[in-house]
There are 2 protein chains.
Amino acid sequence: MQFSKSTGHALHAVIHLARAERGQHVGIKELAALLGVSESYLSKIMSKLRQDGIVRAMTGASGGYELAKSANLITFLDVIQVVEGRQKMYECFNLDSQQHQLFFESEEQASQHTGHHEGNGCLVKKVMDGAEQQMVHYLQQHTIQGVLDSAAATSTK
Amino acid sequence: MQFSKSTGHALHAVIHLARAERGQHVGIKELAALLGVSESYLSKIMSKLRQDGIVRAMTGASGGYELAKSANLITFLDVIQVVEGRQKMYECFNLDSQQHQLFFESEEQASQHTGHHEGNGCLVKKVMDGAEQQMVHYLQQHTIQGVLDSAAATSTK
DNA sequence: CTATTATGGATATTGCAGGTCCATAAAGAT
DNA sequence: ATCTTTATGGACCTGCAATATCCATAATAG
């Protein structure tokens with residue numbers, strides 16, 4: 001249950017791009033040196049960020065990366081989902097188990113009337129989804145610009 | 001970024017034990033069949049749950065598992081941490097990177113006075129830790145008993 | 001044209017979750 | 001006593017995904 005290293009690299013890379021002057025391109029060489037990772041590996045991550053519309057890329061001399069949109073429109077969640085994907089953090093693999101039948105045995109009868117299950121689904125999953133939602137909401141409220149502001153506040157304190 | 005299958009099995013197993021009569025032991029055979037996993041694999045998980053004081057185990061004929069404490073004292077977090085461990089979900093691997101020095105270069109000077117860094121640490125990690133805390137808090141507030149109550153409410157609805 | 005830079009495919013490497021097997025110990029049943 | 005039942009823990013296997021590298025190619029500036 002850990003975020004991948006790639007997620008950390010992606011976040012740090014995007015933050016660095018946000019610090020660069022608008023319109024200025026930052027090369028993979030510079031980024032890789034900054035983060036302390038290989039250029040080839042980081043370029044894969046940057047490529048994903050580009051495909052998902054987080055950054056823009058320019059080939060050729062004096063090319064490189066820049067943010068595709070304003071830093072206050074890029075949330076932590078946006079960047080994280082590029083690397084981690086968008087699957088739920090918990091999936092119930094006991095769907096056909098007796099466990100669930102026990103949970104809903106009374107409801108089975110009730111659904112004879114309505115023709116469908118009212119509270120259908122795994123109760124464990126309900127809680128886990130709720131927990132995930134708490135985290136997702138927090139990550140959605142924190143933007144890259146927020147980190148820059150926070151850094152500025154810390155520096156001048 | 002997913003909870004392991006083992007975590008799901010642990011949660012379902014504990015819930016089943018909570019449904020059993022107090023003082024009654026449930027064997028690994030029954031649990032494994034219920035969850036649809038092998039006995040040998042599930043026994044590893046149960047063993048961990050025992051070591052962490054979530055369940056008790058009895059060897060010998062008519063042995064098996066039972067909860068070590070009341071179901072309303074066992075939170076989702078308790079069970080999850082048994083399987084997933086207690087490490088943080090995010091660790092910054094760019095500790096020595098230029099990135100951080102940029103963030104705190106002004107603070108470096110400030111800390112000449114106090115002798116230590118006030119806002120020491122990676123700002124990315126601060127956000128990630130905050131996000132984790134949201135989820136942890138939620139999981140800490142949801143108990144095994146809560147699921148049983150919720151199941152009862154659904155059944156009689 | 002040439003130098004520079006990103007891209008994407010192919011290909012290791014590696015760590016770990018997932019899973020099995022077995023020898024051992026403990027406890028009840030006969 | 002010993003037999004059966006049950007949990008325990010060590011050793012081991014396996015597949016896959018995260019990590020990581022290399023290279024041929026394309027695009028662009030000068």
Side-chain angles (χ1 to χ4, degrees), chain A residues 1-10 12-13 17 20 23-33 35-68 80 82-85 87 89-91 93-94, chain B residues 1-10 12-13 17 20 23-33 35-68 80 82-85 87 89-91 93-94:
Chain A
M1 192 51 184
Q2 290 228 137
F3 287 102
S4 70
K5 292 184 183 179
S6 295
T7 293
H9 298 146
H12 279 280
L17 292 184
Q24 188 173 353
H25 289 169
V26 181
I28 192 71
K29 219 178 281 251
E30 183 180 337
L31 278 177
L35 305 191
V37 298
S38 80
E39 303 174 23
S40 44
Y41 188 43
L42 185 58
S43 71
K44 301 290 186 198
I45 300 171
M46 297 311 294
S47 204
K48 279 190 187 175
L49 287 170
R50 183 186 60 84
Q51 286 165 12
D52 280 45
I54 308 289
V55 306
R56 261 194 297 271
M58 282 285 294
T59 60
S62 79
Y65 302 94
E66 63 178 338
L67 292 190
I80 290 169
V82 166
V83 180
E84 302 280 342
Q87 355 77 16
M89 283 182 2
Y90 178 79
E91 287 301 332
F93 295 105
N94 301 45
Chain B
M1 192 50 184
Q2 290 228 137
F3 287 102
S4 69
K5 291 184 184 179
S6 294
T7 292
H9 298 147
H12 279 280
L17 293 183
Q24 187 172 353
H25 289 168
V26 181
I28 192 71
K29 220 178 280 252
E30 183 180 337
L31 278 177
L35 305 192
V37 298
S38 80
E39 302 174 24
S40 44
Y41 187 43
L42 185 58
S43 71
K44 303 290 186 196
I45 299 170
M46 297 310 295
S47 205
K48 278 191 186 175
L49 287 170
R50 184 186 60 84
Q51 286 165 14
D52 280 45
I54 308 289
V55 305
R56 260 194 296 271
M58 282 286 294
T59 59
S62 77
Y65 301 93
E66 63 178 339
L67 292 191
I80 291 170
V82 167
V83 180
E84 301 281 342
Q87 355 79 15
M89 285 184 358
Y90 178 79
E91 288 301 331
F93 295 104
N94 301 44

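In what follows, every chain begins at residue 1, and chains take the letters A, B, ... in the order their sequences are listed.
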Can you tell me if A:R50 touches the phosphate of C:dT7, counting only side-chain N or O atoms and a distance under 4.0 Å to OP1 or OP2?
yes
Out of C:dG8, C:dG18, C:dT5, which nucleotide sits closest to the side chain of A:S47?
C:dG8
Rounded interatomic separation in angstrom, taking CD1 from A:I28 and P from D:dT28:
18 Å
In whole Å, I'd like the distance from the CG atom of B:L17 to the P atom of D:dA7.
11 Å
For A:I45 against A:H9, the heavy-atom pair lying closest together:
CD1-CB, 4.0 Å
A:S4 side-chain proximity, nearest of D:dA18, C:dA17, D:dA29:
D:dA18
Grab the CD-P distance between B:E30 and D:dA7 for me, whole Å please.
10 Å
Looking at D:dT19, I'd like to know if its phosphate oxygens (OP1 or OP2) sit under 4.0 Å from a side-chain N or O belonging to A:S6.
yes
If you compare all heavy atoms of B:M46 against all heavy atoms of B:A13, which two are closest, and at what distance to 0.1 Å?
SD-CB, 3.9 Å
For A:L17 and A:Y65, work out which heavy atoms get closest and say how close.
CD2-O, 3.6 Å
Can you tell me whether the side chain of A:K44 and the base of C:dG9 have a donor-acceptor pair closer than 3.5 Å?
yes
Classify A:M58 by what it touches in the nucleic acid, base, sugar-phosphate, or nothing, heavy-atom distance under 4.0 Å.
sugar-phosphate
Between B:S43 and B:S40, a side-chain donor and acceptor under 3.5 Å
no
Are B:S4 and B:E84 packed together at the side-chain level, in the sense that at least one heavy-atom pair is separated by less than 4.5 angstrom?
yes
Sugar-phosphate only, base, or nothing, as touched by A:S40 at under 4.0 Å among non-hydrogen atoms
base
Atom-to-atom span, CZ of B:F93 to P of D:dA18 - whole angstrom:
15 Å
So what does A:K5 hit on the nucleic acid, given a heavy-atom distance under 4.0 Å: a base, only sugar-phosphate, or nothing?
sugar-phosphate
Are any of A:S38's side-chain N or O atoms less than 4.0 Å away from OP1 or OP2 of D:dA20?
no
Expressed as a whole number of angstroms, how long is the span from A:L31:CG to C:dA6:C1'?
12 Å
As a quick check of understanding, evaluate side chain to side chain contact (heavy atoms under 4.5 Å, CB included) for B:Q2 and A:M1, giving each step before the final call.
CA-CA 6 Å; B:Q2 290 228 137; A:M1 192 51 184; 6.0 Å; no
Touch check for B:Q51, heavy atoms < 4.0 angstrom, all strands: base, sugar-phosphate only, or nothing?
sugar-phosphate
Using whole Å, what does the distance between atom P of nucleotide C:dT7 and atom CD of A:E39 come to?
13 Å
Nearest heavy atom decides the nucleotide; on that basis, is A:F3 or A:S43 closer to the 5' end of DNA chain D?
A:F3
Output the rounded distance in Å from NZ (B:K48) to C1' (D:dA7).
17 Å
Using whole Å, what does the distance between atom P of nucleotide C:dC16 and atom CD of B:Q2 come to?
18 Å
Taking the minimum atom-to-atom distance to the side chain of B:T59, which one of D:dA7, C:dG9, D:dA11 wins?
D:dA7
A:Y41 side chain near D:dT21 phosphate (N/O to OP1/OP2, under 4.0 Å)
no
